[in-house]
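One structure is given here, and the rest of the page talks about it.
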2 protein chains.
Amino acid sequence: MGRKRLQTSADGRPTVHTVAARAGVSIASASRVLNGIGGSAETVRKVRAAAAEVGYVPNAIARSLQSQRTGLVALAVADIGNPVYVAMMRAIEAVVTSSGRQLLVHATGGEIESETDLLRRLANRYVDGMIMSPIRITDRHLDAIVVSPIPVVVVGQLPDDAPVDNVRTDSRAGVALAVDHLVAAGRQRIGLVNGPLDTVPGAARDAGFRAALASHGIPVDERLIEVGDFQYAAGRDAAARLFARAEPDALLCANDLIAVGALHALLTERRRVPEDVALVGMDDTELAQMAFPQLSSVSLGSAARGRRAAELLLERIADPDLPPRREHVAPSLVVRASSTVGRPTPGGTPSSRRPSSGGATRPGGRAAPADGTVGVTS
Amino acid sequence: MGRKRLQTSADGRPTVHTVAARAGVSIASASRVLNGIGGSAETVRKVRAAAAEVGYVPNAIARSLQSQRTGLVALAVADIGNPVYVAMMRAIEAVVTSSGRQLLVHATGGEIESETDLLRRLANRYVDGMIMSPIRITDRHLDAIVVSPIPVVVVGQLPDDAPVDNVRTDSRAGVALAVDHLVAAGRQRIGLVNGPLDTVPGAARDAGFRAALASHGIPVDERLIEVGDFQYAAGRDAAARLFARAEPDALLCANDLIAVGALHALLTERRRVPEDVALVGMDDTELAQMAFPQLSSVSLGSAARGRRAAELLLERIADPDLPPRREHVAPSLVVRASSTVGRPTPGGTPSSRRPSSGGATRPGGRAAPADGTVGVTS
DNA sequence: TCCTGACTTGTAAACGTTTCCGGGGAGTCT
DNA sequence: AGACTCCCCGGAAACGTTTACAAGTCAGGA
């Protein structure tokens, strides 16, 4: 009952007022000491002691209200169980933490509600910036992004005129790499196990697949195309359905989860991989290396995309007036045992991830930097 | 140049002052309308219109400073790439979102620095509560938890006297389930591929393994024990080392990632699973079902633990004065093809997850509810 | 007609921090 | 010795909300 009111927080916790009163200094001095700027030796000692005695821990919310920053960055992904997002997240986290910030991840389940809702709640200043990789992009997404008070970077395809920072890959070209590879290995009846066609990646893979077949003069057989969702179980079941009605000699799967499911279906029916059916996945996640035989997979540079997206975000946080940027990461094909009958990858050990430099893995023949290539479009 | 200063935020964004001024009402009225409480029809109309015109979006930080809550809950896990955390996270998320809150996930990489740092930053009011599942628990952790201004629930083993809400399982008993199963199947030379012994789960599995062997009168052969970390590659390499120096007829792996790695090593050396070597993993993640053959695995109830932890957290947020609680989730064994030569699981299809009710999967013979059992200790 | 109650509104005080600014003391250079 | 610089300190004003409180309006009942 010294002053008009107790110097503690509503829930009884000490505030900077508590510390200041106990140390016998002003809150300004206390704050300065606690932030390590200025203060005489005596003041520093008293404030430090007082803080320790009362167990002071600063209220980050109040600090953020004042400083207008939180030091947090959010990543919103559809399905945190998909290893492709794990790889992306690791790359993002490396960049984000090296800037002294922390990364928070939110799984949206791919629902529009949840995603826009997240923007509305989180984006409103709880975090300094946000990276999202939605599986579907609607006008609601774009509206929410444009109106957002904090910078947002989108990983994935976006309408051309959207004024939003964007990192993408060309998954149609990625599909073409896989088809080229399978055709070159003598496969003619190539099947596709895809995800939903109303998603951005699903639509791109479907279009890319048809175009790639056409470029080789191979007619499209609809019985060789099956659609599920991007999960393991759906891939397994869709592959089983496909085998029940057609006889592919190769199978391209829209991601590695589907590919592992298809592999499971194949092995269950005692088909040999790759002798009877060659198998190629997409995303080149660690799952592709865990499978036996190891899966060939189209790398869509998820780590590189994540890293670049994080860099774009940090740049925009530093300078919000930058014009919207759009960057591309080139796909590449990683050949492993599941699609090569003879020697898996020339000179490669089972643990080597990168495609052999002499292989037909890069259309333009450009050498790939060890860390993934990033191309900037004008 | 109306009043003393522009009514907008520092970065030029509209605030409630902007809206109020434009609508010609006080900020109190504006705030009330925006929160949907009170206001005459005319006021509501004016404020809504003004808010829409200027594109007002409330500053959640300021709101939280006032209301003392953020509506966010955090989950800190060591390795987000491990599917066991994915399952746990999904269960937590279901509970958290049903309470109208949002879940944020942070991957700590298992580093003490990062974990305590997270507590220091996040916990200081950015989120209303936090669930953490540290792989190592140090005094620094405990200190940080105790001093934390927000409720923290720990999933995993904790010192007995720690005054912290805690959900745990008995992984020693889980190991015993697996060993019992393998011994009953006639295996005698059982190997263990473990994670680091200075982690909580690593130490528990090691102790449980030795105790379980002893209970069967089987001497411990140190050459049958190998240690790596809890990752796929480490499991693969550790298993290969183990096979190079000993001839196990069964292998227990400390988690499913290690088990898949071991499976890979076995298949590479053309050993048959389960005929030559029976394989049992732990955690019963979706990875166990993806492998071929499907892996038997000890379920440590990660989903049930996550769900219970979330419930405990919400209860404590509602009433911070509750005494510290400690709950247990019983382990169970899910038998699949990797450890049974004849019929994999009696009557089971490849997609059936639950152990058959007649099997020796529960020590006490109690029936398990479909969703996992939670027992409360006094 | 006057009083009471319901409803609406505006003023101002929080929430807990950082920081601008001015005053005062000690030290240094001329 | 006086002026100037430098450092330390405290008061007070932010940051953008919500909300307690008081004052005002209006209708209805005695």
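The analysis underlying the following values was restricted to heavy atoms, covering all of them including side chains, and did not include hydrogens, waters or symmetry mates. Quick caveat, the model's predicted, so the values are computed rather than measured. Each chain gets a letter, A, B and so on, in the order its sequence line appears, and its residues count up from 1.
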Take atom [atom1] of [X] and atom [atom2] of [N], then tell me their distance rounded to the nearest Å.
{"X": "Tyr126(A)", "N": "dT17(D)", "atom1": "OH", "atom2": "P", "result": "12 Å"}
{"X": "Glu42(B)", "N": "dT25(D)", "atom1": "CD", "atom2": "C1'", "result": "16 Å"}
{"X": "Ile37(A)", "N": "dT19(C)", "atom1": "CD1", "atom2": "C1'", "result": "8 Å"}
{"X": "Arg125(A)", "N": "dG16(D)", "atom1": "CZ", "atom2": "P", "result": "8 Å"}
{"X": "Ile61(B)", "N": "dT17(D)", "atom1": "CD1", "atom2": "C1'", "result": "11 Å"}
{"X": "Arg69(A)", "N": "dC15(D)", "atom1": "CZ", "atom2": "P", "result": "18 Å"}
{"X": "Leu65(A)", "N": "dA14(D)", "atom1": "CG", "atom2": "P", "result": "14 Å"}
{"X": "Asn59(B)", "N": "dG16(D)", "atom1": "CG", "atom2": "P", "result": "7 Å"}

From dT9(C), dT17(D), dC8(D), pick the nucleotide closest to the side chain of Ser40(B)?
dT9(C)
Restricting to salt bridge (charged side-chain N to carboxylate O under 4.0 Å, His left out), what partner residues turn up for Arg140(A), sequence neighbours left out?
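By the salt bridge (charged side-chain N to carboxylate O under 4.0 Å, His left out) rule, Arg140(A) matches Glu113(A).
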Please name all residues satisfying salt bridge (charged side-chain N to carboxylate O under 4.0 Å, His left out) with Glu53(A), sequence neighbours left out, ordered by chain then number.
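Glu53(A) satisfies salt bridge (charged side-chain N to carboxylate O under 4.0 Å, His left out) with Arg22(A) once adjacent residues are dropped.
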State which residues pass side-chain contact (heavy atoms from CB on, under 4.5 Å) with [X]; sequence neighbours excluded, sorted by chain then number.
{"X": "Asp160(B)", "value": "Arg168(B), Arg326(B)"}
{"X": "Val95(A)", "value": "Arg307(A), Ala310(A), Glu311(A), Leu314(A)"}
{"X": "Leu104(A)", "value": "Leu72(A), Leu104(B), His106(B), Leu122(B)"}

Below 4.0 Å: OP1/OP2 of [N] and any side-chain N or O of [X]:
{"X": "Ser31(B)", "N": "dT17(D)", "value": "no"}
{"X": "Gln68(B)", "N": "dG16(C)", "value": "yes"}
{"X": "Ser29(B)", "N": "dG10(C)", "value": "yes"}
{"X": "Asn35(B)", "N": "dT18(D)", "value": "yes"}

Tell me, which pairs form a salt bridge (Lys or Arg N to Asp or Glu O under 4.0 Å) where one or both residues lie in residues 56-67 of chain B, sequence neighbours left out?
none
Does anything in residues 12-27 of chain B come within less than 4.0 Å of DNA chain D? Heavy atoms only, and list the residues if so.
Thr15(B), Val16(B), His17(B), Ile27(B)
Give the residues of residues 44-55 of chain A touching DNA chain D, defined as any heavy atom closer than 4.0 Å, sorted by residue number.
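Per residue number, the list is empty: none.
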Taking every heavy atom of Asn166(B) against every heavy atom of Val154(B), the minimum-distance pair comes out as ND2-O, 2.9 Å
With a cut-off of 3.5 Å and sequence neighbours excluded, list every side-chain donor-acceptor pair involving residues 28-35 of chain B.
unit_1	atom_1	unit_2	atom_2	d
Ser29(B)	OG	Ser26(B)	OG	3.4

Polar side chain donor-acceptor pair, Tyr56(A) to Thr15(A), under 3.5 angstrom:
no
Net bend of the helix from dT1(C)-dA30(D) to dT30(C)-dA1(D), end axes of five pairs each, nearest 10 degrees:
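Roughly 50° between the end axes, to the nearest 10°.
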Would you kindly compare Gln66(B) and Val33(B) by the position of their nearest DNA chain C nucleotide and give the one closer to the 5′ end?
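The residue closer to the strand's 5' end, by nearest nucleotide, is Val33(B).
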Identify, between Arg32(A) and Ala28(B), the residue whose nearest nucleotide on DNA chain C lies closer to the 5' end.
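Result of the comparison: Ala28(B).
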Indicate every side-chain donor-acceptor pair of residues 84-91 of chain A with a distance under 3.5 Å to a residue at least two apart or in another chain.
unit_1	atom_1	unit_2	atom_2	d
Arg90(A)	NH2	Asp79(B)	OD1	2.7

Please indicate whether Arg69(B) has more than 12 foreign heavy atoms, meaning atoms of other residues, nucleotides or ligands, lying under 6.0 Å from its CZ.
no
Applying side-chain hydrogen bond (donor to acceptor under 3.5 Å, both in side chains), can you list everything that pairs with Ser99(A), at least two apart in sequence or on another chain?
Arg101(A)
